[in-house]
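The next block holds one structure in the form of structure tokens; read it before the comments.
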Amino acid sequence: MWRRAAAILWLAQPAALWAQAADLPPEAASGEPLPAGVSVRKVGAQSIYVDAHGRTLYGMDMRAVTGRTGHQPLWCSGDCLTQWTPLAAPAKAEIVPAPPEFGGDRKAPRLKQDGPDWIVMQGPSGPQWVYKRVNLVFTHAGERPGTIGHEGEDGLVWNSLKYVPAAPKIDAPADVTARLVDGRYLLVDGQGNLLVTHKGKACGTTCADWRVFPAGMARRGMGAWTVRPDGDRAQWAYRDRPVFTIASDDPADIPVEAEPLIP
């Protein structure tokens, strides 16, 4: 049976090899269209992918099954399929050959890191959706919509598929990036410090002691960014408001008179 065999495999693997999606921050979505019937729903504090009936989608994480050893993984079959239902793909969907980590031919090409979020492989019951290159997608039989009661089951093999919004494309200075913080993207500098501006129309003396976000030698703006003279140095402005940095990546540390930059 799958569970007994899986337990034997796990005992044979060093614990350090068990890293999987439950141990790592979930990857952001690519922004591509979702499979027919799949949508995003809030379940508790998490945004989760669900099927057409609102049932939580779980990933059978191949990294947890194989321990990243390259051994042929164990498929959900037999009694496992009485509890877990594969998320079936259309019969005519393009099927990606299973790579070695999925028990496929050793000569099969590995999945591209920058490939699509959702692909189709030949699963235990036919064409089946795979999410983010490592998760065979299932629902749990009898689970009510809006619940994630099987999170982390079987040694973290089964994990709900979390939705993280796609990172926005920004036209900004080279050391500015968008970072996901508490479910939304905020702009940070090259050290990961949050970028802020003052609330209201004028900064006045309120931000006199704040740390200016310097524009360096830049004299020309880009997109919503412009350069403002500030004595002997130049300061970046975002949407015509001066930009400052705070030495923190925690929004709780933002001064009450300031607000974060949102792309």
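Heavy-atom basis, side chains included; hydrogens, waters and symmetry copies ignored. Source: prediction; values computed, not measured.
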Problem set entry | Hphob cluster co-occupancy, Ile95 + Met62, side-chain heavy atoms under 4.5 angstrom | no
For this session: Go through the steps to decide whether Gln128 and Leu136 satisfy the test side-chain contact (heavy atoms from CB on, under 4.5 Å), and finish with yes or no.
Result: CA-CA 7 Å; Gln128 178 176 358; Leu136 281 166; 3.9 Å; yes
Exercise. Minimum heavy-atom separation for Pro127 to Pro90, with atom names?
Worked result: CB-O, 4.1 Å
Exercise. Is the side chain of Glu32 donor-acceptor paired with the backbone N or O of Asp117 at a distance under 3.5 Å, no angle test?
Worked result: yes
For this session: May I ask whether Leu194 and Phe244 are part of the same hydrophobic cluster, defined by side-chain heavy atoms of I, L, V, M, F, W, Y residues being less than 4.5 angstrom apart, directly or through others?
Result: yes
Exercise. Shortest non-hydrogen contact from Asp171 to Trp225?
Worked result: O-CD1, 3.4 Å
Exercise. Is the closest side-chain heavy-atom distance between Leu261 and Val243 below 4.5 Å?
Worked result: yes
Exercise. What closest approach, in Å, do Pro99 and Met121 show between heavy atoms, and which atom pair accounts for it?
Worked result: CD-CE, 3.5 Å
Exercise. Parallel, tilted or perpendicular: which fits the ring planes of Tyr58 and His150, with parallel below 30° and perpendicular above 60°?
Worked result: perpendicular
For this session: Tell me, with the steps shown, if Phe138 and Thr85 meet side-chain contact (heavy atoms from CB on, under 4.5 Å).
Result: CA-CA 5 Å; Phe138 295 78; Thr85 304; 5.7 Å; no
For this session: Give a yes or no answer on whether the side chain of Tyr185 reaches the backbone of Pro165 with a donor-acceptor pair at less than 3.5 Å.
Result: yes
For this session: Indicate yes or no: at least one non-hydrogen side-chain atom of Leu180 is less than 4.5 angstrom from one of Val164.
Result: yes
For this session: Enter the distance from Ser160:OG to Asn135:CG here, rounded to the nearest 0.5 Å.
Result: 10.0 Å
For this session: Let me know which of Glu257, Arg241, His198 forms a side chain to side chain contact (heavy atoms under 4.5 Å, CB included) with Cys203.
Result: His198
Exercise. Do Thr245 and Asp189 have a side chain donor and acceptor closer than 3.5 Å?
Worked result: no
Exercise. Got Pro173 and Met222 here, is their nearest side-chain heavy-atom distance under 4.5 Å?
Worked result: yes
For this session: Say whether, by atom type as modelled, one donor and one acceptor occur between the side chain of Lys42 and the main chain of Gly146 under 3.5 angstrom.
Result: no
For this session: Could you tell me whether Glu27 and Arg133 make a salt bridge, using a distance below 4.0 angstrom between a side-chain N and a carboxylate O?
Result: yes
Seminar exercise, completed: dist Lys132:NZ -> Leu161:CG (nearest 0.5 Å) comes out at 11.0 Å
Exercise. What heavy-atom pair brings Ala234 and Val227 nearest, and what distance separates the two atoms?
Worked result: CB-CG1, 3.5 Å
For this session: Please test Val120 against Val96 for side-chain contact (heavy atoms from CB on, under 4.5 Å), starting from the C-alpha separation and ending with a verdict.
Result: CA-CA 6 Å; Val120 178; Val96 174; over 6 Å; no
Problem set entry | Heavy atoms of other groups near Asp240 CG, more than 12 under 6.0 Å | no
Problem set entry | Whether Asp51 side chain and Gly54 backbone form a donor-acceptor pair below 3.5 Å | yes
Exercise. Would Ile262 and Ile254 show up in the same hydrophobic cluster when neighbours are defined by side-chain heavy atoms closer than 4.5 Å?
Worked result: yes
Exercise. Under 3.5 Å, is there a donor-acceptor pair between the side chain of Thr147 and the main chain of Gly149?
Worked result: no
Exercise. Between Trp158 and Trp84, what is the ring plane arrangement, given parallel below 30°, perpendicular above 60°, and tilted in between?
Worked result: parallel
For this session: Say whether Val38 and Val50 are linked into one hydrophobic cluster, either directly or through other cluster members, by side-chain heavy-atom distances under 4.5 angstrom.
Result: no
Problem set entry | Same cluster (ILVMFWY, side-chain, under 4.5 Å), Leu34 and Val137 | yes
Exercise. Can you tell me how far CD of Gln83 sits from CG of Leu81, rounded to the nearest 0.5 angstrom?
Worked result: 10.0 Å
Seminar exercise, completed: In terms of heavy-atom contacts, Pro242 and Thr197 come closest through O-OG1, 2.7 Å
For this session: Might you confirm whether atom CD of Glu94 has over 12 heavy atoms from other residues, nucleotides or ligands at distances under 6.0 Å?
Result: no
For this session: Measure the CZ-OG1 distance between Arg144 and Thr56 for me, rounded to the nearest 0.5 Å.
Result: 10.5 Å
Exercise. side-chain contact (heavy atoms from CB on, under 4.5 Å) between Thr177 and Leu187: does it pass, once the steps are laid out?
Worked result: CA-CA 6 Å; Thr177 58; Leu187 295 181; over 6 Å; no
Exercise. Are Glu259 and Val196 side-chain neighbours, meaning at least one heavy-atom pair lies under 4.5 Å?
Worked result: no
For this session: Give the minimum heavy-atom separation between Val181 and Pro251, together with the two atoms involved.
Result: CG1-CG, 3.4 Å
Exercise. Would you say Asn159 and Glu151 make side-chain contact, with heavy atoms under 4.5 Å?
Worked result: yes
Exercise. Does Trp118 have its ring centroid less than 6.0 Å away from the ring centroid of Tyr49?
Worked result: yes
Problem set entry | Distance (rounded to the nearest 0.5 Å) between Thr226 OG1 and Trp236 CH2 | 8.0 Å
Seminar exercise, completed: Distance col, row Met217:CE vs Arg219:CZ, nearest 0.5 angstrom, shows 6.0 Å
